[in-house]
Amino acid sequence: MSTNGSNLKSKTDSRKKAYTHQQCVEMDDFEDILEPRRNELDVRFALQSRDGVPEYKYTNKQTRSQVNESVLSSPRLKFTIDKIVTETGLSRKEVEKEAFEILDDMAHAQSLTNLRTLAYIFPKLYKRLLRHLYVNKDGIEKLRAQVKDAPVILLPTHRSYQDFLVMTYVCFHYGLPLPFVATGQDFNKMKLINEVLRMCGAFYIRRSFGTDDLYWALFTEYVQTNVINGELPLEFFLEGTRSRTGKFLPPKLGLLAVALEPYFTGKVPDILVVPVSFTYDRILEELLHSREMLGIPKPKESTSGLFKARTILQDNYGDIYVHVGDPISVREMASPRIDRSVHNTLPRFLFNLSSSEQKFVADLAYNVQESQLRNIYMSVWVLCATLLMQRPHGYTLRDFCRDVEWLKDLAINLGAKVAWPGEYSVQTLVTSHLKRHRTFVNLAHKNQVSINAYEGSPLPPTGSMEMNSLDEVMSLAVVPMGIAMYRNHLVCRLANVCLLTSSFCGTNAISIGDLFLKFWFLIRVFQKEFVFKPSVTETEFAATLKKLESCTFIQVCNTEKKVEVLSNGMKAMSFLSKMVEPFLQGYYMVCQYLVQTKWNPDNDNKSKSIAKNIQALIAQKFMNDEMKHFDTLSLNLIGNALTSLVAMDYIQCNKSENGGSLSWQASKVEEVMAKLGSYLPKLEINGGAVQTHRTRREPMSVTSKL
Amino acid sequence: MTSRPRCIPEFPLLIERVNSFCRQESLKWNGWGFRDSKFEFDAEGSGMFKGDRYLLSGMLPNLRSFAESIEGFKVNDKLQGQGEIPSESLPKPVTNEGFFNEIRQSGMSFSLDGQDRLFRAHGHTLQEIFILRMGRFDRIPDIVIWPECHDDVVKVVEAADRHNVCMIPFGGGTSVTNGLECPKEETRMIVSLDMSQMNKVLWVDEKNMTAHIEAGIVGIDLEEKLGKYGLCTGHEPDSCEFSSLGGWVATRASGMKKNVYGNIEDMLVHVKMVTPKGVMEKNCQVPRMSTGPDIHHLILGSEGILGVITEVTLRVRPIPPCRRYGSVVFYNFDDGVDFMREVAKQRCAPASIRLMDNAQFKFGISLRPPPSSMWASLGDSFKKFYLTKLKGYDVDQLAILTLLFEGTAEEVAAQEKRVYKIASQFSWREENGQRGYMLTFAIAYLRDLALDHHCIAESFETTVPWDRVHDLCRNVKERIRQECKNHGVKNEPYLTCRVCQSSHSYESIENAARDEIIAHGGSLSHHHGVGKIRKKWMRSTISDTGYETLQSVKNSLDPNNVFGNKNLL
């Protein structure tokens, strides 16, 4: 839809409020829900009537203790307790007492009074911390219209601790039912905060409870009872934990399967699954995440830690975009392929999913992630970060603005949604975003843009950064890691395109067959890195090719079965392939380590230790000045690479109780290393230390001159 | 005669016998039941039930406002269906000369008359009634033959097998599974074997309490004939004014009083089925025997694909001296289900117990007669005020349960005491039990009223384990609502559920509803049978192996597919 069309759509007075996005393929009707807070009394907001809140038509309202009681008296619990009593010889009383305690520790205690108090405080905070909190109103209205039909599951992306609070705030603002939220047990250790969150609707679950039958039964029954009651939407994060990398994590299916089983066993007529995408201009925990990816240990969640972090409350975090996606009806998606009658011959208190239902749950999870990804907005800062990662040192502001605009158009043409307020000039936009990220970016020199060496401190004017120890490398890596996290938003969104451009391997013409094989290899290698649907196939390849063709970057010659890069596409193609170069480089380094270090059964071969060793090897390359992509130091990347090599059967992983331990044969790894090498520019592979050195240092001296 | 208790005293007196040769003279040709009995709105729009056969006959002052509460129901707009289809526009009969000559020589009654053939071309599914009102059947029987005894049937089946004709046994014509529909692609001559003349009680053995009866007898006739001996079967399906004994056996029927008398398979002591390979029967009349798989269970539910059921020996009982109706109102449907579960658990179910949801509760109210006096009317409104305003019950939640107790006066009193004690926890008693109970016979007439006024109506039945009753009722309704929406049906469907005993683009909506039932642990059918509309689920219902087993029985009993109505398999 063109800008004209969208303007016609939104009414004149709401146009001011609605954020207009130039050339967006799809137009989302965003409105800033903080704006009314700036003009009205917060107390009025907090005490607003909740009479018109839509309700699931078969809702069964139960108090906390009623829910807990029905969980504890359920046939599932009875069955499990019987089993435990028989197997362990414990007395029934003891097991029941334990069950009661676990459940009491797990269950949420959402209270409207508590939420109203927070609804008084939060706007005050948000008004200070944020410029705008945008929500797509049409998504909210679609959800509102369907709440009465079926229990709802909200599945937001997880990039920040705030996600849960923002989601609840949005629901409160729009008079929607307030969700109850699956939260990690680690939060439950934070005194006071845990109870506040509990009253907001958090319920606490252990991160893993594989063989604990009692816990499993309680958890299943508790979640399902709440889903069946349908009073509050269930909210949880498919990724299981916050993504620290700006990329998606592979979906965790356990909780989703538990939440959907009531549909398969006919306890609810349908379930609506709602993907929600959060986009933050600036993520609260950016530095924390960056350090964590480098293996600098994460502080334990503690209340005192939170108060120490209160300085963050004095910063500005720009805009948040909340995109509520189209609700997916589980019934509609399942009805042609799932035969629910398979459950008829088993009592329904035994958890049971058929293999086709398990596959369905996985497909649904990937569909949700696809929708989340499609609706993540690329902020101006994400565009800046992407450019800065490729040219960290030295960009005149004018050139930089020109490139940001170029990248914006490129991203939009390739289907990404970009948050680009049309009413501001490029320069205003860019500088305001760069200022917000002064932790990462140096704007000390007026017309010059470069990244900081350390958080908040610019590169030394000499331009020479001596790195003599692992610690020094690591501390210098914090800023690039942080910026890479934002760049990854775009990499993730354009992963198919980036990998396809990489598959040209620097050539300008390639046969379609070769291109497909090259592309297919990368898709498999980066399965974990960019979370591709397990069913990515030739159609995906064809669609991606078509996308590049429609941008007139390439020409597909069907008679000769060849693809040619057009001159129009040179810049974009090279830029896109460079976006994934650090990943290729990182994976290459992982292989290099495995080739150089012969496998020895007596060594500590746990994947965690090996990842650390690989990181040390890469850090050494930095000390030798042979490496330029700081994000290759990410333990997440190294871990993904190892997992992927295992999945592709290049190396082996022997699972044991304390983590998997790896074994490999150098010759086999060499094979994959050569393949990876073919995608990388030649001089960088062959230890072109001098060359690399040049390219890295050169711009820095430009900076220093100015 | 009058001093004797009648088994079904409330039933219409059989002024015309339903089992005359020319049934269409007393029965509607394009709807349910007797020609003179129907719901109607008069010129002023007042609702009534015409005719004087039923308890609820007369003016129904509340019917109009109820009907108007259903979206799309146009009280003032009556849809005119086509008039009786002239015989010349019906399909011409296909004749098999050899077979036809044999029939003529045998002296059996037969008819090639179009109206006779049309009447036997259908059952009572919505689709069939719709065709009668608005369309044409592609295929109808080519001849109607009325055998008068078992030997006639043996003769006609032998002839059919020899001359390769197709034969569809016809009992009461109340099938709701397209079981009587003639397969379109059938090119052979189709014989409708009308069993109505085989309606004699051949003997009654009061010592063994059994009766030997011809299979063509309809329910009400059977009860009347047994009544002369002071006996009854107690089998009382909703259709028992019209459906036949043979039909009950062939579809595994069940009656409203099955708690006391059992389902048809529990009453059956002996049965004869004429197949192309001979007569299948047991050599004794005993309550049970251990002689391999029970051949009766091949006959029960065979839906006319294996042969013709000619004679049946049933278990009979003395007519109970005392019969009391009751009804109980629950605050909501769930309470009612819980109550029924409790009754089943304590094993004190009376002869009939059926729970109707709020929609049927309201429908029941709409069929109340005009108040007998001003006081009664005042009493009603006071009661409504008391319940809703003072006690805070939600009229949109109430559910009603009807009860029928049978036995000696003492037995009935004891049963009542026990049942009402369980009920007292979550309900109150209503009078007017009999009227509520009799509602069930009127419901079948309701569809014709709906069709007259632009609405369609159909019922589903199933059996489901206790733990899934509530989910099934809710989710099936929800699925139908959703499917209607997906198919662009403009008006909100009117859906209702009933739980009976201790145990409800149109076709795809119906299929979706059945899928939903099966997904919730419901059976494909409890008592209507499979026919042709539910065939597609047969294999998954009874497993491939089970299906193949039935198929091979069919192949060996009827290799030429004489009984080619294509039901079941």
Side-chain angles (χ1 to χ4, degrees), chain A residues 56-62 70 73-76 78-79 145-151 224-225 227-230 260-272 327-350 352-354 356-357 360, chain B residues 332-335 337-338 341 357-358 394 396-397 462-487 492-493 495 497 508-509 511-525 534 536-544 546:
Chain A
Y56 167 48
K57 62 180 140 186
Y58 301 112
T59 190
N60 176 27
K61 289 185 180 163
Q62 285 189 312
S70 71
S73 61
S74 65
R76 187 195 312 275
K78 200 175 170 300
F79 175 84
Q146 292 189 47
V147 162
K148 63 176 195 327
D149 293 336
Q224 293 191 351
T225 303
V227 168
I228 293 162
N229 285 349
L260 294 186
E261 200 217 28
Y263 170 73
F264 297 123
T265 52
K267 290 181 176 173
V268 290
D270 192 3
I271 292 178
L272 291 170
I328 300 169
S329 154
V330 172
R331 179 185 53 214
E332 267 168 39
M333 187 174 155
S335 58
R337 48 191 270 207
I338 300 294
D339 175 13
R340 287 176 292 164
S341 73
V342 297
H343 300 285
N344 292 349
T345 50
L346 265 187
R348 293 191 295 178
F349 57 80
L350 300 178
N352 174 41
L353 284 188
S354 67
S356 58
E357 283 162 352
F360 173 84
Chain B
N332 57 50
F333 188 68
D334 292 356
D335 279 358
V337 174
D338 290 346
R341 165 86 188 92
D357 70 359
N358 185 257
D394 184 354
D396 295 325
Q397 291 290 322
T462 186
T463 28
V464 65
W466 280 108
D467 70 316
R468 300 177 197 224
V469 171
H470 176 68
D471 291 335
L472 182 131
C473 292
R474 179 195 57 218
N475 293 356
V476 171
K477 286 191 215 173
E478 198 53 35
R479 177 72 181 262
I480 293 171
R481 210 168 269 134
Q482 206 64 40
E483 292 290 329
C484 287
K485 210 161 121 190
N486 296 348
H487 283 81
E492 184 73 2
L495 302 158
C497 269
S508 68
I509 295 173
N511 284 346
R514 183 57 62 181
D515 277 338
E516 198 69 21
I517 289 171
I518 292 166
H520 288 81
S523 62
L524 185 52
S525 171
R534 289 193 268 277
K536 69 170 201 174
W537 291 280
M538 257 315 259
R539 216 175 247 282
S540 58
T541 300
I542 61 170
S543 79
D544 285 345

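So you know, we letter chains A, B, ... as the sequences are listed, proteins then strands, and number each from 1.
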Problem set entry | Short N-O contact, E516(B) and R340(A), less than 4.0 angstrom | yes
Exercise. Just how far is it from atom CG of D334(B) to atom CG of D357(B), taken to the nearest 0.5 Å?
Worked result: 11.0 Å
For this session: Counting only heavy atoms closer than 4.5 Å, note whether D149(A) contacts chain B via side chain, backbone, both or neither.
Result: both
Exercise. For chain A, which of H520(B), Q482(B), R468(B), R479(B) has the most heavy-atom pairs under 4.5 Å?
Worked result: R468(B)
Problem set entry | Residue list, ring pair (Phe, Tyr, Trp, His ring centres under 6.0 Å) with Y263(A), at least two apart or on another chain | none
Exercise. Taking every heavy-atom pair that is under 4.5 Å apart, which of S335(A), S341(A), S329(A), A150(A) has the most such pairs with chain B?
Worked result: S341(A)
Problem set entry | Neighbour count above 12 (heavy atom, 6.0 Å) for K78(A) NZ | no
Exercise. Side chain, backbone, both or neither: which part of R331(A) has an atom under 4.5 Å from a heavy atom of chain B?
Worked result: side chain
